[in-house]
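This report concerns only the one structure given below.
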Amino acid sequence: MAPGYLLGIGFLAAAWGSSYLFIELALDDLAPAALMGYRFALAALVLGALLVLRAGPRRAVAELRALGAAAPVLGVLNGALPFGLIAWGQTRIDSGTAAIVNASVPLFVLLLAWRFRPSERVGGARLAGVLVGLLGVAVLVGVAPEGGWHAVPGTLAVLASSLCFAASNLVVQQRLATATPLAAAVATVGIAALLLAPFAVVQAPPELPRAAALGAIAGLALLGTGAAQLVLYRLLPRYGSARTSLVTYLVPPVALAYGAAILSEPVTLTAVLGLVLILAGVALGSGLARVSRRPTAVAP
């Protein structure tokens, strides 16, 4: 696999792994809709300014209009809806659990591609990689704290966000092969910001959030949204939705590592086993590791 793929999914794993921690910190001061509204508004301002500086106002508008109907679809499926579901879900489950549940994206990509995109169907070693990765996710579930029935709606909300991400990945690969990553990212975060704006106004906090919450919003907007969207929209047309979505296997162990380093959470043997299985699944599913077949000896 090309070095660009490895660097890309490595960056996405680091950025999205930190996002769950940032969300957890910001939810102490902000309601879910307000948090996501501010996140996408800031990301839209920064990415929009970059697009105008790079292409000029007239060409920037032309690039955005060229996206056509795919832009609002991405704004919903890769913006407002899944991230709103994750934020709401994290009011009922912790950040590690949310990251683990979100690792189901490749499974949904596989299921959707089987019906809507035959070229993305996987088999053999790649299918085995998907299954091994899911086994690793199942092992990691054991390190999450018990939440009881109160956690079930939150878990289902994050699971629904995985379905949204999988669908958006297929849309990007099919409709945006010729679009610039920056224009696609601006359209996604801009439309998501507009959709979330009314809810953010209704749930606006009565007073200015604390510095930790403001820093978390900035981290979410600039790292987990702005920069991550640029990298994602560069990877999807090049490597396909199935391979790119394998990054979600890396996010849970990264999120657990952030928790251990920042929140002093213990790393158990179960977590290490899950990490090994997940990395093996990524290696097989992406084609980085190939299962060699010994040639059969032919009798003279």
Side-chain angles (χ1 to χ4, degrees), residues 8-9 11-13 15-17 19-20 23 32-33 35-37 39-44 46-48 51 63-64 66-89 98-99 101-109 111-113 116-117 120 157-177 179-197 199 220-248 251:
I9 65 169
F11 173 81
L12 289 179
W16 286 338
S19 295
Y20 297 95
I23 291 173
L35 168 59
M36 289 300 146
R39 170 186 186 171
F40 281 104
L42 179 57
V46 173
L47 291 179
L51 179 60
E63 289 187 10
L64 292 174
L67 295 172
V73 173
L74 292 176
V76 174
L77 292 181
N78 201 34
L81 183 56
F83 287 103
L85 288 169
I86 290 173
W88 183 84
V101 175
N102 233 180
S104 60
V105 171
L107 177 60
F108 284 116
V109 169
L111 295 176
L112 291 175
F116 298 106
R117 193 171 179 82
E120 281 291 299
V158 178
L159 190 65
S161 76
S162 298
L163 177 60
C164 294
F165 287 135
S168 69
N169 286 354
L170 293 173
V171 171
V172 170
Q173 188 180 354
Q174 183 176 6
R175 300 290 299 276
L176 301 182
T180 64
L182 182 54
V186 170
T188 300
V189 299
I191 291 174
L194 291 175
L195 293 174
L196 290 169
F199 303 98
L220 285 169
L222 302 179
L223 184 63
T225 305
Q229 291 281 344
L230 289 176
V231 174
L232 175 66
Y233 288 148
R234 187 175 296 274
L235 290 177
L236 282 169
R238 295 183 180 183
Y239 302 107
S241 55
R243 283 189 173 94
T244 303
S245 65
L246 290 171
V247 69
T248 56
V251 172

Point to revise | Any donor-acceptor pair under 3.5 Å from Ser168 side chain to Phe165 backbone | key: yes
Point to revise | Shortest non-hydrogen separation from Ala13 to Val247 and the atoms involved | key: N-CG2, 3.6 Å
Check your understanding: What is the minimum heavy-atom distance between Ala221 and Ala43, and which atoms define it?
Key -> O-CB, 3.5 Å
Point to revise | Phe11, CZ atom: more than 12 neighbouring heavy atoms under 6.0 Å | key: yes
Exercise for review: Assess the side chains of Thr244 and Asn169: does a donor N or O sit below 3.5 Å from an acceptor N or O?
Suggested key: no
Practice item. List the atom of Ala80, the atom of Ala192, and the distance in Å for their closest heavy-atom pair. Key: N-CB, 3.5 Å
Review point. Can you tell me if Ser162 and Asn102 form a side-chain donor-acceptor pair at under 3.5 Å?
Key: yes
**Study point:** Gap between atom CZ of Arg39 and atom CG of Leu196 - 0.5 Å precision
**Key:** 10.5 Å
**Study point:** Contact summary for Phe108 and Ala166, nearest pair of heavy atoms
**Key:** CB-CB, 3.5 Å
Check your understanding: Which heavy atom of Val101 sits nearest a heavy atom of Leu159, and at what distance?
Key -> CG1-N, 3.6 Å
Point to revise | No-hydrogen, no-angle side-chain donor-acceptor test under 3.5 Å, Tyr233 and Thr180 | key: no
Check your understanding: Does the gap between the ring centers of Phe83 and Phe40 come in under 6.0 Å?
Key -> yes
